[in-house]
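One structure, pasted below without further comment.
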There are 2 protein chains.
Amino acid sequence: MRLTAKSEYGLLAMIDLACREGDGPVSAREISERQAIPAKFLEQLFVALRKAGLVSAVRGARGGFALARPAEAITVLQVVEALEGPLKTTVCDGERAAACGKGKACAAAHVWERATTAVRSVFGDATLAALARTQQELEDSADVRREAVGG
Amino acid sequence: MRLTAKSEYGLLAMIDLACREGDGPVSAREISERQAIPAKFLEQLFVALRKAGLVSAVRGARGGFALARPAEAITVLQVVEALEGPLKTTVCDGERAAACGKGKACAAAHVWERATTAVRSVFGDATLAALARTQQELEDSADVRREAVGG
DNA sequence: GTGAATCCCTACTGATTCAGTATGGTTTCT
DNA sequence: AGAAACCATACTGAATCAGTAGGGATTCAC
């Protein structure tokens with residue numbers, strides 16, 4: 001259960017795509033500029049996202065990426081696991097469980113597992129569609145606020 | 001939100017202490033052997049746990065550690081934060097939040113925060129007393145099973 | 001059919017963190 | 001006095017992270 005910049009960047013990119021669903025392919029360069037993500041780094045993430053079947057790619061000039069499924073059908077959990085690998089407990093895993101005499105009978109392991117389950121639940125319930133909506137609302141209200149100030 | 005071996009070892013040690021509440025100080029060496037934790041590494045963890053006010057130390061021969069409060073009043077969250085520092089979101093924190101144009105208006109940040117909150121909730125609800133009870137039950141049922149097999 | 005834009009892939013690297021070790025000090029019991 | 005134990009800091013090898021480098025392969029526009 002280790003969240004790195006891959007997840008952060010990857011989710012930003014996927015939300016970006018979700019906000020432009022149906023607009024045709026969006027290039028990685030465009031997203032990297034809009035989201036302030038290093039271009040070559042983002043490219044790598046898209047390779048992983050494509051291999052996981054979450055985005056489809058169009059090659060060549062005017063090419064780019066689009067969600068492979070409706071935003072409603074893609075969860076944050078899928079995005080994170082595509083980029084970081086299976087979201088499992090980082091403590092008390094495999095070899096350690098064998099080393100500690102208790103083996104299977106370990107109260108600590110239960111807590112770690114409950115924590116992982118909780119995170120999986122949060123990520124599994126959050127769809128890109130919902131995040132795109134939230135993002136849109138946040139930007140709208142920010143615009144309103146900016147206008148009110150007269151900027 | 002990064003869980004390392006410190007948390008794993010630290011929690012094992014604290015559960016060990018909770019299982020021996022009232023028995024007087026337990027030496028780090030004893031715990032390190034019982035839980036298969038490198039001795040010097042465990043010593044460092046106890047320094048942190050003591051500075052966080054979770055254990056009290058008795059120096060000198062026959063010395064050792066004991067819970068500074070009833071096991072009922074110590075949570076896994078307190079143990080983890082004593083060892084790893086504040087349990088905060090590892091993505092979209094400080095500087096990054098400033099770098100991404102959205103600033104405060106970021107849907108992704110909400111998800112990360114909800115995940116962190118979920119973990120804090122799990123850890124905050126788990127007391128050492130409860131874990132010690134669970135541990136005892138697990139060991140008891142393991143014993144029964146072993147006897148049944150005739151070992 | 002050439003050139004530019006774009007995706008695809010692998011390898012590399014500097015910095016940081018992890019897990020553990022080393023060394024030596026201080027306190028207390030016997 | 002000596003052993004047992006806690007206290008504190010510094011060091012180190014290995015792994016991981018975040019990002020870069022350098023090139024391919026594919027497609028559109030002209």
Side-chain angles (χ1 to χ4, degrees), chain A residues 1-13 17 24-33 35-66 68 80 83-85 90-96 99-100, chain B residues 1-13 17 24-33 35-66 68 80 83-85 90-96 99-100:
Chain A
M1 194 168 57
R2 178 203 306 125
L3 281 277
T4 72
K6 286 184 188 176
S7 293
E8 177 174 343
Y9 292 156
L11 184 55
L12 287 175
L17 284 183
V26 182
S27 77
R29 187 184 48 74
E30 193 183 330
I31 296 178
S32 90
E33 287 170 5
Q35 304 292 338
I37 302 171
K40 296 295 278 184
F41 196 39
L42 181 58
E43 262 189 50
Q44 293 179 27
L45 303 184
F46 270 124
V47 170
L49 291 169
R50 181 180 53 78
K51 286 183 177 168
L54 299 179
V55 302
S56 59
V58 178
R59 303 180 65 161
R62 294 289 180 91
F65 299 92
V80 168
L83 296 170
E84 315 257 19
T90 52
V91 290
C92 259
D93 57 351
E95 40 187 315
R96 170 69 197 168
C100 89
Chain B
M1 194 168 58
R2 179 201 306 124
L3 282 274
T4 71
K6 285 184 188 176
S7 291
E8 177 174 342
Y9 292 155
L11 185 56
L12 287 175
L17 284 183
V26 182
S27 77
R29 187 184 49 73
E30 193 183 331
I31 296 177
S32 91
E33 286 169 5
Q35 305 292 340
I37 302 171
K40 296 297 275 183
F41 196 38
L42 180 59
E43 264 189 49
Q44 295 179 26
L45 303 184
F46 270 125
V47 169
L49 291 168
R50 181 180 52 78
K51 286 182 177 171
L54 298 179
V55 302
S56 59
V58 177
R59 304 181 65 161
R62 294 290 179 92
F65 299 92
V80 168
L83 296 170
E84 315 257 19
T90 52
V91 290
C92 260
D93 58 350
E95 41 187 315
R96 170 70 197 164
C100 89

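Lettering follows sequence order; numbering is per chain, from 1. Note that these values count all heavy atoms, side chains included, but never hydrogens, waters or copies made by symmetry.
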> Using a cut-off of 4.0 Å on non-hydrogen atoms, how would the nucleic acid contact of A/F65 be classed: base, sugar-phosphate, or nothing?
Replying inline: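 Answer is sugar-phosphate: A/F65 comes under 4.0 Å of backbone atoms only.
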>> Please report the distance, rounded to the nearest Å, between CG in B/L42 and C1' in D/dA8.
In response: 15 Å
> Has B/R50 got a side-chain N or O lying under 4.0 Å from the OP1 or OP2 atom of D/dC6?
Replying inline: no
> Given atom CG of A/L12 and atom P of D/dA18, what is their separation to the nearest angstrom?
Replying inline: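 Nearest whole value for this atom pair: 14 Å.
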> Looking at C/dC8, D/dC6, D/dC7, which one has an atom nearest to any side-chain atom of B/K40?
Replying inline: D/dC7
> Among all residues two or more places apart in sequence or in another chain, which pass the salt bridge (Lys or Arg N to Asp or Glu O under 4.0 Å) test with B/R62?
Replying inline: none
Distances for protein N or O near nucleotides 15-19 of chain C N or O, under 3.5 Å:
residue: C/dC18; atom: OP1; partner: B/R2; partner atom: NE; Å: 3.4
residue: C/dC18; atom: OP1; partner: B/R2; partner atom: NH1; Å: 2.9
residue: C/dA19; atom: OP1; partner: B/A5; partner atom: N; Å: 3.3
residue: C/dA19; atom: OP2; partner: B/T4; partner atom: OG1; Å: 3.3
residue: C/dA19; atom: OP2; partner: B/A5; partner atom: N; Å: 3.2

> Once the angle between the rings of A/F46 and A/F65 is folded into 0 to 90°, is it parallel (under 30°), tilted (30 to 60°) or perpendicular (over 60°)?
Replying inline: parallel
> For B/F46 and C/dT27, what is the distance between atoms CZ and C1' respectively, to the nearest whole Å?
Replying inline: 18 Å
>> Restricting to non-hydrogen atoms, name the atom on A/A13 and the atom on A/L42 that form the minimum distance, rounded to 0.1 Å.
In response: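 For A/A13 versus A/L42, the nearest heavy atoms are CB-CD1, 3.9 Å.
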> A/L83 pairs by side-chain contact (heavy atoms from CB on, under 4.5 Å) with which of A/L11, A/L49, A/T4?
Replying inline: A/L49
> Over how many whole Å does the gap from A/E43 atom CD to D/dA21 atom P extend?
Replying inline: 14 Å
> Does B/E84 use its side chain to pair, donor to acceptor, with the backbone of B/K6 at less than 3.5 Å?
Replying inline: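 Side chain of B/E84 to backbone of B/K6: no pair is present.
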> Using a cut-off of 4.0 Å between protein heavy atoms and nucleotide atoms, how would you tag nucleotides 25-30 of chain D 5' to 3' with B, S and -?
Replying inline: BBBSS-
>> Just to verify, what does A/R2 make a salt bridge (Lys or Arg N to Asp or Glu O under 4.0 Å) with, not counting sequence neighbours?
In response: none
> With B/E43, which residues qualify under salt bridge (Lys or Arg N to Asp or Glu O under 4.0 Å), at least two apart?
Replying inline: B/K40
Identify all pairs in which a protein N or O lies below 3.5 Å from an N or O of nucleotides 9-12 of chain D, and state each distance.
none

